[in-house]
Amino acid sequence: MNLEVVLNTYERKARYLPAVWTVSPILIWLYLWFPEIRSLEGTFISLIIGLGISIPLSILARTLGKKEQNKLLLKWGALPATLILRNSDESLNKETKTRYHQRLSVLTNMDIPSHEKELEDPKDALQKFDSCIDFLRQRTRDKAKYSLVFNENVSYGQARNLLGLKPIGLLICVILIAIQFFSIYKNYGIGFNISAVQILETISFIITLLFLLFWIFFVSTKQVYTAGVNYGKALLECCEHFE
C-alpha cells in the first residue's frame with residue numbers, strides 16, 4: 001500500500017476517510033489531554049502515526065465492507081441498484097421505471113420481465129435486472145462524463161465501509177470514554193465540581209461521545225441501502241442518453 005490510497009478520489013473518500021474517521025477519536029484525545037503532543041514536533045509525529053494507522057486500516061475497511069455487503073446481499077437478495085428495477089419496488093416513479101425498462105430492453109437486447117413474469121420467476125427476474133445494472137456500470141466508467149454516477153458510487157462505498165468498521169469504531173469510542181471518565185474521576189473525585197475539570201478534557205469527552213453517537217445512529221444498514229438506491233438511480237438516468 002502506498003499514497004495512491006490518499007491521492008485516488010475513490011480510495012480517499014470511500015476507504016481512507018472511513019479509516020481516518022475511525023481513528024480520529026484517539027488522535028483528538030491524545031492532542032487534547034497531553035500538552036506535549038500539542039508541540040510542533042508532537043503534532044507532526046501524531047500525524048505520521050495517524051497516517052500510518054489509517055492507510056492499513058483503509059485496506060481493512062474495504063475487506064470488512066465487502067464482508068458486510070455479502071451479509072446484506074443474503075438479506076436483500078440483490079444490491080439496491082438492482083432491486084429498484086423490480087416492478088414491485090416503489091423507489092422509482094412507475095412511469096419512469098416503465099420507460100427505463102423499455103430503454104434497457106433495447107440497449108441489452110433482453111426481454112425485461114413484466115410484473116407477471118417477475119411473480120412467476122423472481123430469481124430469473126433479478127438476474128436480468130442485475131445484468132442490466134452490470135451493463136450500465138460498464139458503460140459509465142468514464143468518471144468525468146458520468147460524474148454523478150461516480151460520486152454516488154463513492155458515497156455507497158463510503159457508507160458500506162463505515163458499516164464494516166462500525167464494531168471497531170464503537171469499541172474505540174467506548175474504551176476512550178471509559179479511560180477519560182476514569183481519569184476525571186481519579187483527578188477530581190466522585191463529587192467533583194464540573195467547572196474544575198479542564199476545558200480541553202471536557203471538550204475531548206464530548207467529542208468522543210459525539211463520535212459514539214455517530215457510529216450508533218448514523219452508520220447503519222439503512223444508510224447503506226439509501227446510498228445504493230441513489231447510485232442505482234444515477235446509473236439508470238444514463239440509459240436514456242446512450243445511443
Side-chain angles (χ1 to χ4, degrees), residues 1-22 24 51 54-73 76-86 89 91-93 96-97 99-101 103-108 110 112 126-166 214 218-243:
M1 174 60 64
N2 51 42
L3 287 180
E4 180 186 357
V5 171
V6 183
L7 300 176
N8 179 280
T9 302
Y10 182 88
E11 298 285 341
R12 184 177 71 250
K13 293 183 178 180
R15 297 174 187 170
Y16 184 67
L17 286 183
V20 170
W21 190 263
T22 304
S24 287
L51 182 65
S54 298
I55 289 181
L57 189 58
S58 68
I59 303 175
L60 182 62
R62 181 180 185 277
T63 301
L64 295 177
K66 285 284 189 179
K67 184 177 180 180
E68 196 64 37
Q69 178 176 279
N70 291 335
K71 293 180 183 178
L72 294 176
L73 279 172
W76 295 336
L79 291 173
T82 297
L83 295 175
I84 63 175
L85 274 175
R86 293 179 304 173
D89 190 90
S91 300
L92 294 170
N93 177 277
T96 301
K97 184 183 295 185
R99 197 170 68 246
Y100 287 158
H101 281 182
R103 183 59 180 154
L104 287 169
S105 180
V106 173
L107 290 170
T108 63
M110 184 169 54
I112 302 299
L126 272 181
Q127 287 179 342
K128 289 181 177 179
F129 293 145
D130 200 37
S131 179
C132 290
I133 294 299
D134 284 340
F135 170 82
L136 294 175
R137 192 180 292 114
Q138 293 294 330
R139 290 288 297 271
T140 56
R141 290 193 179 279
D142 188 328
K143 299 176 185 178
K145 186 176 181 180
Y146 302 103
S147 58
L148 177 60
V149 173
F150 175 70
N151 289 333
E152 293 296 351
N153 187 35
V154 169
S155 296
Y156 171 75
Q158 187 178 80
R160 182 198 66 191
N161 293 339
L162 277 171
L163 187 63
L165 289 172
K166 184 173 183 175
F214 168 81
F218 182 79
V219 180
S220 64
T221 300
K222 182 180 179 180
Q223 193 71 20
V224 177
Y225 191 86
T226 300
V229 168
N230 291 336
Y231 172 58
K233 288 180 177 180
L235 273 176
L236 290 169
E237 286 176 9
C238 297
C239 76
E240 296 187 300
H241 306 290
F242 295 152
E243 297 180 358

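Here the CD1 atom belonging to I133 is positioned 12.5 Å from the CD atom belonging to Q138, to the nearest 0.5 angstrom. Taking NZ from K128 and CE from M110, the interatomic distance works out to 7.0 Å, rounded to the nearest 0.5 Å. In this structure, CZ in F129 is found 9.5 Å from OG1 in T82, a value given to the nearest 0.5 Å. One distance of note links OG of S147 with CD of E152; it measures 10.0 Å at 0.5 Å rounding. Summarising the geometry, atom SG belonging to C238 is positioned 7.0 Å from atom CG belonging to L148; distances are rounded to the nearest 0.5 Å.
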Stepwise side chain to side chain contact (heavy atoms under 4.5 Å, CB included) test for Y100 and E237
CA-CA 8 Å; Y100 287 158; E237 286 176 9; 3.6 Å; yes
Derivation of the side chain to side chain contact (heavy atoms under 4.5 Å, CB included) call for Y146 and N153:
CA-CA 11 Å; Y146 302 103; N153 187 35; over 6 Å; no
Q: Report the C-alpha distance between R139 and L136 in whole Å, list the side-chain angles of each, state the deciding distance to 0.1 Å, and finish with yes or no for side chain to side chain contact (heavy atoms under 4.5 Å, CB included).
A: CA-CA 5 Å; R139 290 288 297 271; L136 294 175; 5.7 Å; no
Step by step, work out the side chain to side chain contact (heavy atoms under 4.5 Å, CB included) result for W21 and L165. CA-CA 10 Å; W21 190 263; L165 289 172; over 6 Å; no
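K97 meets the salt bridge (charged side-chain N to carboxylate O under 4.0 Å, His left out) test with no other residue; sequence neighbours excluded. Take R86 and apply the salt bridge (charged side-chain N to carboxylate O under 4.0 Å, His left out) test, not counting sequence neighbours, and it matches D89. T22 pairs by the side chain to side chain donor-acceptor pair (under 3.5 Å) definition with nothing, not counting sequence neighbours.
In this structure, F150 and Y10 have tilted ring planes: the angle between them lies in the 30° to 60° band.
At least one donor-acceptor pair under 3.5 Å links the side chain of N161 to the backbone N or O of A14.
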